[in-house]
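To start, the structure under review is shown below, and the notes come after it.
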Amino acid sequence: MDVIIFIGSESDLEVVTDAGRILDEFGVSYRLEVTSAHRSPERTRTLISESESQGAKVFIAVAGKAAHLAGFVAGHTSLPVIGVPVESAGLGGMDALLSTVQMPKGVPVATMGLGKAGAFNAAILAVQILSLEDPNLKKKLAEYKRALAEKVENSSKNIRKS
Ligand code: RP5
């Protein structure tokens with residue numbers, strides 16, 4: 001599997017459905033695991049080292065509240081780690097955002113925006129990282145960007161028509 005997605009709880013599952021879809025669309029292999037930095041640190045550690053030895057290239061870590069999952073992963077690997085903070089009741093996601101983004105010098109986590117959009121972008125960023133060594137993915141990304149631009153153009157035309 002090229003991409004490993006960790007979610008901190010089953011309650012985060014909905015956040016990553018579109019991310020999985022986009023990875024499927026790009027033909028990128030991934031594995032999804034529920035594991036927590038706080039509730040199952042040993043399992044997380046084992047999954048990280050297993051994934052590394054099986055040839056994983058990018059980790060995506062999705063968690064809410066005091067979201068240390070991405071940072072925990074980054075502390076255990078030199079592979080790129082993309083963090084996605086999840087909104088939750090109480091502090092609304094600011095807690096997860098700051099816990100994910102404020103990594104100490106030397107241990108980066110590429111932090112996305114909150115929730116589903118953040119997870120979607122995490123998938124795109126993972127594809128971009130993989131595309132550095134995969135011309136086919138590079139081509140697919142160029143088509144994807146073209147389609148995005150076309151959609152904007154069409155929206156503008158539709159507005160003018162109405
Ligand atoms: C985090 O706490 C999880 O990533 C989730 O976003 C949040 C709440 O988890 P549950 O209490 O719903 O399991 O660890």
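Whatever order the structure lists ligands and atoms in, that order sets their numbers, starting from 1.
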Short N-O contact, E42 and R45, less than 4.0 angstrom: yes
Top protein contact for atom 11 (O) of ligand 1, by heavy-atom distance: R39 NH2, 3.1 Å
Closest to atom 12 (O) of ligand 1 (judged by heavy-atom distance), picking from S11, A63, A96: S11
Distance-minimising heavy-atom pair for A66 and S99: CA-OG, 3.7 Å
Protein heavy atom at shortest distance from atom 10 (P) of ligand 1: S9 OG, 3.5 Å
Contact atoms of ligand 1, heavy-atom distance to G8 under 4.0 Å: 3 (C), 4 (O)
Side chains of T111 and T100, donor plus acceptor under 3.5 Å: no
Atom of P80, atom of K57 and distance for their closest heavy-atom approach: CD-O, 3.2 Å
H38 near ligand 1 by a heavy-atom separation under 4.0 Å: no
Derivation and outcome, side chain to side chain contact (heavy atoms under 4.5 Å, CB included), residues L32 and F6: CA-CA 6 Å; L32 175 67; F6 290 152; over 6 Å; no
Heavy-atom side-chain proximity of E52 to T77 below 4.5 angstrom: yes
Closest candidate by heavy atom, reference atom 1 (C) of ligand 1, pool G64, A67, A66: G64
Minimum-distance protein heavy atom relative to atom 6 (O) of ligand 1: D12 OD1, 2.6 Å
Residue part near ligand 1, for E10, under 4.0 Å between non-hydrogen atoms: neither
